[in-house]
Chemist: 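Right, I'll just put the structure down here and ask away after.
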2 protein chains.
Amino acid sequence: MSKSLIELTPTQTVACCSPLMREPLSAVQAERVAPLLKALADPVRLRLLSLVASHADGEACVCDLNDAFDLSQPTISHHLKVLHDAGLLDRSKRGVWVYYRARNEALSDLAAMIGGAGA
Amino acid sequence: MSKSLIELTPTQTVACCSPLMREPLSAVQAERVAPLLKALADPVRLRLLSLVASHADGEACVCDLNDAFDLSQPTISHHLKVLHDAGLLDRSKRGVWVYYRARNEALSDLAAMIGGAGA
DNA sequence: CTTGAATATCGACATCTGTGAATGTCTTGA
DNA sequence: TCAAGACATTCACAGATGTCGATATTCAAG
C-alpha cells in the first residue's frame, strides 16, 4: 500500500488504529483527503466504481456502464470524469471505446486512513 | 465488526477483496452508503471527526472543538450535527457541555466496504 | 472524405451545501 | 428569579453539484 494520503509519523510504528483516530488530521491532510471522499460520496459514482472494480478483467467499457443506469450518457460521462479526476479510475482508450479501471491502491489507502486496522 | 452496511452474500465466505470490488453494489446499497461518505467528504468534518476520535478519552467537548477552527460556532455546530445524523458521532450532554464520541464501528465498517481486505 | 457510432464538452437549470448573523433553548450560579 | 455561558436552530445567501439537451470530438468503416 502506498503512503501518499498521509505522511507517516514516528508514532505510526506503534500503529493501534487508523490515522484518522490516531491523531488529529492537519488542515492540509484534510484538504487532500476530502476530494477523494467527495468523489465517492454519490450513489451513482459508488455503483460505477463498483461495477468497474468488480468487472471481469478489472476494467469496464463505458458502453456497458451507460446501460446500467437510467441516466443520460453525458451524466455518466460526467461521473466517470469526477472519479478519474480524483484518481480513483484509470482511463484507456482502445479504438472508439474507452475503458475504465479501478485504482485499487487509492481505494485501500483511503480505507486504511478512515478506519484502517482493527479499530 | 458489524454487518450493517452491506448484506453479506454466500460469496463473501471466499472473501478476496472489499464488497465494493467483489460485486456490483446495488442501487439500494449505494443509497445507504453514500450519505456516510458525504458526511465525511468535507475537510472541516474530517478534522472534527479526527479531533474527537483521537482525543484522550475518545470523546471531546464542543467547547474545545470550536477553538480548533477559524469558523463560527454555529458552523461547527452544523458540521457536528451532520456527522451525528450520519451516525458517525455519538452525542452526550453533561451539564452545560456537550461531548461527542466517534462511532468506531461505523468507521471501520465504512473502511471495510471501500477498500477492505488486502485488495 | 463522408458517414455513423462512442464519448466528451458545453450551457442551463434546479437543488444542495457551507457559512455567518441573529436568535432561541438549557443549565448553572448568584 | 435573573444573568451569563454553552450549544442549537433559523434565516439568508453565495457557490458547488447533479442532471439533461445540444453539440463537439474522435475513430473505424466504406
Side-chain angles (χ1 to χ4, degrees), chain A residues 25 27 30-52 55 59-102, chain B residues 25 27 30-52 55 59-102:
Chain A
L25 245 59
E31 301 276 357
R32 188 166 43 201
V33 175
L36 287 188
L37 290 166
K38 215 165 221 175
L40 269 185
D42 178 277
V44 175
R45 289 197 289 269
L46 268 179
R47 291 180 61 200
L48 275 172
L49 186 63
S50 182
L51 269 173
V52 172
H55 203 266
E59 66 180 5
C61 173
V62 175
C63 52
D64 296 329
L65 300 175
N66 276 324
D67 298 341
F69 297 84
D70 202 24
L71 294 170
S72 70
Q73 175 265 320
T75 296
I76 299 298
S77 185
H78 162 70
H79 285 305
L80 288 170
K81 178 181 169 57
V82 171
L83 287 168
H84 176 250
D85 288 350
L88 294 172
L89 284 184
D90 270 341
R91 221 174 148 260
S92 75
K93 186 166 187 175
R94 293 206 286 279
V96 187
W97 293 277
V98 172
Y99 293 82
Y100 282 93
R101 174 182 296 275
Chain B
L25 245 59
E31 300 277 355
R32 187 166 42 203
V33 176
L36 288 188
L37 290 166
K38 215 163 218 172
L40 269 185
D42 179 278
V44 175
R45 289 198 289 270
L46 269 178
R47 290 180 60 197
L48 275 172
L49 185 63
S50 182
L51 270 173
V52 172
H55 203 265
E59 65 181 5
C61 173
V62 175
C63 51
D64 296 328
L65 300 175
N66 276 324
D67 299 341
F69 296 84
D70 202 24
L71 293 170
S72 70
Q73 175 265 320
T75 296
I76 298 298
S77 185
H78 161 70
H79 285 305
L80 288 170
K81 178 181 169 58
V82 171
L83 287 168
H84 177 250
D85 289 350
L88 295 172
L89 284 184
D90 271 341
R91 222 175 146 255
S92 74
K93 186 166 187 175
R94 292 205 288 278
V96 188
W97 293 277
V98 173
Y99 292 83
Y100 282 94
R101 174 181 296 274

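Atoms considered below: every heavy atom in the structure, side chains included; atoms not considered: hydrogens, waters and symmetry mates. Letters A, B, ... mirror the listed sequences (proteins, then strands); counts begin at 1.
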Chemist: Just verifying a value: how many Å separate A/Ile76 CD1 and A/Leu71 CG, rounded to the nearest 0.5 Å?
Modeler: 5.0 Å
Chemist: So, OP1 or OP2 of C/dT19: does either fall under 4.0 Å of a side-chain N or O from B/His79?
Modeler: yes
Chemist: Taking salt bridge (charged side-chain N to carboxylate O under 4.0 Å, His left out) as the cut-off, I'd like each qualifying pair that reaches into residues 66-86 of chain A, sequence neighbours left out, listed once.
Modeler: A/Lys81-A/Asp85
Chemist: Nearest heavy-atom pair of A/Leu65 and A/Ala60: which atoms, and what distance?
Modeler: CD2-CB, 4.2 Å
Chemist: Using a 4.0 Å heavy-atom cut-off, does A/Tyr100 contact any base of the nucleic acid, only the sugar-phosphate backbone, or nothing at all?
Modeler: sugar-phosphate
Chemist: Distance-only check: which donor-acceptor pairs under 3.5 Å involve side-chain atoms of residues 39-46 of chain A, not counting sequence neighbours?
Modeler:
residue	atom	partner	partner atom	Å
A/Asp42	OD1	A/Val44	N	2.8
A/Asp42	OD1	A/Arg45	N	3.2
A/Arg45	NE	A/Ala39	O	2.6
A/Arg45	NH1	A/His79	ND1	3.0
A/Arg45	NH2	A/Lys38	O	3.3

Chemist: Quick one: closest heavy-atom pair of A/Leu25 and B/Ser50, and the distance?
Modeler: N-OG, 2.9 Å
Chemist: How long is the gap from CG on B/Asp90 to CG on B/Leu83, to the nearest 0.5 Å?
Modeler: 11.5 Å
Chemist: Quick check on contacts: within residues 41-49 of chain B, what sits under 4.0 Å from DNA chain C by heavy-atom distance?
Modeler: B/Asp42, B/Arg45
Chemist: Which nucleotide span of DNA chain D, 5' end to 3' end, has atoms closer than 4.0 Å to non-hydrogen atoms of chain B?
Modeler: D/dA6 to D/dT9
Chemist: If you take all heavy atoms of B/Leu36 and B/Leu88, which pair is closest and at what distance?
Modeler: O-CD1, 4.0 Å
Chemist: Any residue in residues 61-76 of chain B with a heavy atom nearer than 4.0 angstrom to DNA chain D? Just list them by number, or reply none.
Modeler: B/Cys61, B/Val62, B/Cys63, B/Gln73, B/Pro74
Chemist: With sequence neighbours left out, write down each residue that passes side chain to side chain donor-acceptor pair (under 3.5 Å) with B/Arg47, or none if nothing qualifies.
Modeler: none
Chemist: What's touching nucleotides 24-30 of chain C from the protein side, N or O pairs under 3.5 Å?
Modeler:
none

Chemist: Donor-acceptor pairs under 3.5 angstrom involving side-chain atoms of residues 93-102 of chain A: please list them, not counting sequence neighbours.
Modeler:
residue	atom	partner	partner atom	Å
A/Arg94	NH1	A/Ser92	OG	3.4
A/Arg94	NH2	A/Glu59	OE2	2.6
A/Tyr100	OH	A/Arg91	NE	3.1
A/Arg101	NH2	A/Glu59	OE1	3.2

Chemist: Once you round it to whole Å, what is the distance between C1' of C/dT9 and NZ of A/Lys81?
Modeler: 9 Å
Chemist: Nearest whole Å is fine: how far is C/dA6 C1' from A/Arg91 CZ?
Modeler: 12 Å
Chemist: Kindly compute the distance separating CG (B/Asn66) from OG1 (B/Thr75), expressed to the nearest 0.5 Å.
Modeler: 9.5 Å
Chemist: Would you please name every residue forming a side chain to side chain donor-acceptor pair (under 3.5 Å) with B/Glu31, sequence neighbours left out?
Modeler: none
